[in-house]
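Written out below as structure tokens is the structure these notes cover.
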2 protein chains.
Amino acid sequence: MNRIDTQLAPDTKERILDAAEVLFMEQGFEATSLRMITARAGVNLAAVNYHFGSKEDLIKTVFSRRLGPLNAERLAMLDRLEASARGRPLDPTQILEAFLSAGVRLARDPARRGGAFLRLLGRAFAEPSGYVREFMPDQYEAVVARYKAALAKALPHVPDRELVWRLHFIFGAIAYTLGGTDVLKLACRYPLEDEANNPEAVVRHLLPFLVGGLTAPLPDASGVRKSRSARSKQG
Amino acid sequence: MNRIDTQLAPDTKERILDAAEVLFMEQGFEATSLRMITARAGVNLAAVNYHFGSKEDLIKTVFSRRLGPLNAERLAMLDRLEASARGRPLDPTQILEAFLSAGVRLARDPARRGGAFLRLLGRAFAEPSGYVREFMPDQYEAVVARYKAALAKALPHVPDRELVWRLHFIFGAIAYTLGGTDVLKLACRYPLEDEANNPEAVVRHLLPFLVGGLTAPLPDASGVRKSRSARSKQG
DNA sequence: GTACGATTCAAACGATCGTTTGAACTCGAG
DNA sequence: CTCGAGTTCAAACGATCGTTTGAATCGTAC
């Protein structure tokens, strides 16, 4: 059992994980070959299958390495908030800030490695491949349930169904922002770059937007089906 | 020049485009091989390179076939709104609804083919590959500029920089919702499915959320840099 | 030193990828 | 009919993929 490692020169396993994390972020899962990963990590090609079994298991390990602690911290943050509130409903801003701030702390990880993972995470939410879809729900189920319950308590006038919708939109805005896909920025060439790379600045702008959407007036008829006349002729 | 086609039995070119559209949506660009596409379309493998030149050009054609008319309609909708407003600022809800309703109309295209494309479009915003990033800005530049100007006029108290941020978040929520990545739904197993497949229902829920975020109070200090004390010791 | 499990290595495996080739087929014009 | 441009077809191309193999190497216990 080697103990005095991973500090100056990470061992093969972590070198592979670090290289894979960056390359997956830059090019996606399918477009990143094991040869690119091992070349960047400075290890032999066969090391991936030796240490992880397969590329798919490598992908899962890349996620679980960071996602476990991240979501555990999110739960701990919510625990602390609810403990200090003593049964009273929390402020929606507090709740969302707790969720986001854990990501911010990860983004400030040494050597900016956390930032790469956050962008990879945002990208993964839109990945159609079955790889991610298999274990992402397991990783997020507890967090979503707890934060959803806290928000439901904070916003008693919002029906459960509507809250699920708004959580969906919130996740979309967060994932897209973390993913840093930049389509809008590329389209407009608006210079957000300096702030966009500062996670605290992102949260400062994102938080009011999310709370505004979360506390917005409810849609007109929440329960209408298409049983009546279809559309009212708008032109 | 054959004229009487594409009605009962689409020609090879459109059969390929239709098949590619669905498969790209289901599995992404990299994971979809030309052999899957041609097999689904019922055409020969070489037909893709004969009609489109390369897989990359096929991808571009899949997008431009629908994106051109879609964004043209978005511009036309805004033209009509601004004409009837006669110089007065529009309502933010009107503006966003105009943007979204064009997509709704596409989604109700015959044979639900438009729905497949919208989900593909939402997915493409998160694609890291260079394919999409090259021409998506060109397709969206005019639309974003016009709608951004209309929103700036409608929300004179929102600084330009903040408006760009909020447009970014809005695009994220829309793209994620259109993409239908379902991670949240999978995580919670909340039965949104029936409504989620009805584009008008999606807009009915999405619109108040987006307007709420767009008109939310501005973040505390809009211009702060990290010049002062970094953080206030939270524990 | 020797022996042995853990790890690394160069090399190759079969499969699949996007693309190309050249012949066969279609069909209206002459 | 013949012709030829447009299109479709089966087959193969070279490249790259994830994975496997078996020997070489390392580090440690005896």
Where do Phe171(A) and Val144(A) land on the side chain to side chain contact (heavy atoms under 4.5 Å, CB included) test, with the steps shown first?
CA-CA 10 Å; Phe171(A) 263 68; Val144(A) 170; 3.8 Å; yes

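- Contact check for Ile174(B) versus Leu210(B): side-chain heavy atoms found under the 4.5 Å cut-off.
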Given Watson-Crick or G-U pairs with both distances under 3.5 Å, what dot-bracket string fits DNA chain C, with | for other-strand pairs and [ ] for crossing?
||||||||||||||||||||||||||||||

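- Here the straight-line distance linking atom OG1 of Thr32(A) with atom NZ of Lys55(A) works out to 6.5 Å at 0.5 Å rounding.
- A side-chain donor-acceptor contact under 3.5 Å links Asn71(B) to the backbone of Gln139(B).
- For the pair Phe63(A) and Phe117(A), the minimum side-chain heavy-atom distance is below 4.5 Å.
- As rounded to whole Å, 9 Å separates atom P of dG18(D) from atom CG of Asn49(A).
- Between Tyr147(B) and Leu167(B), every side-chain heavy-atom pair lies at or beyond the 4.5 Å cut-off.
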Nucleic acid footprint by protein, nucleotides 5-17 of chain C - heavy-atom cut-off 4.0 Å, B for base, S for sugar-phosphate alone:
-SBBBB-B----B

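- Geometrically, Arg74(A) engages Phe99(A) in a cation-pi contact defined by less than 6.0 Å to the ring centre and at most 45° from the axis.
- Leu67(B) places a side-chain heavy atom less than 4.5 Å from the side chain of Tyr140(B).
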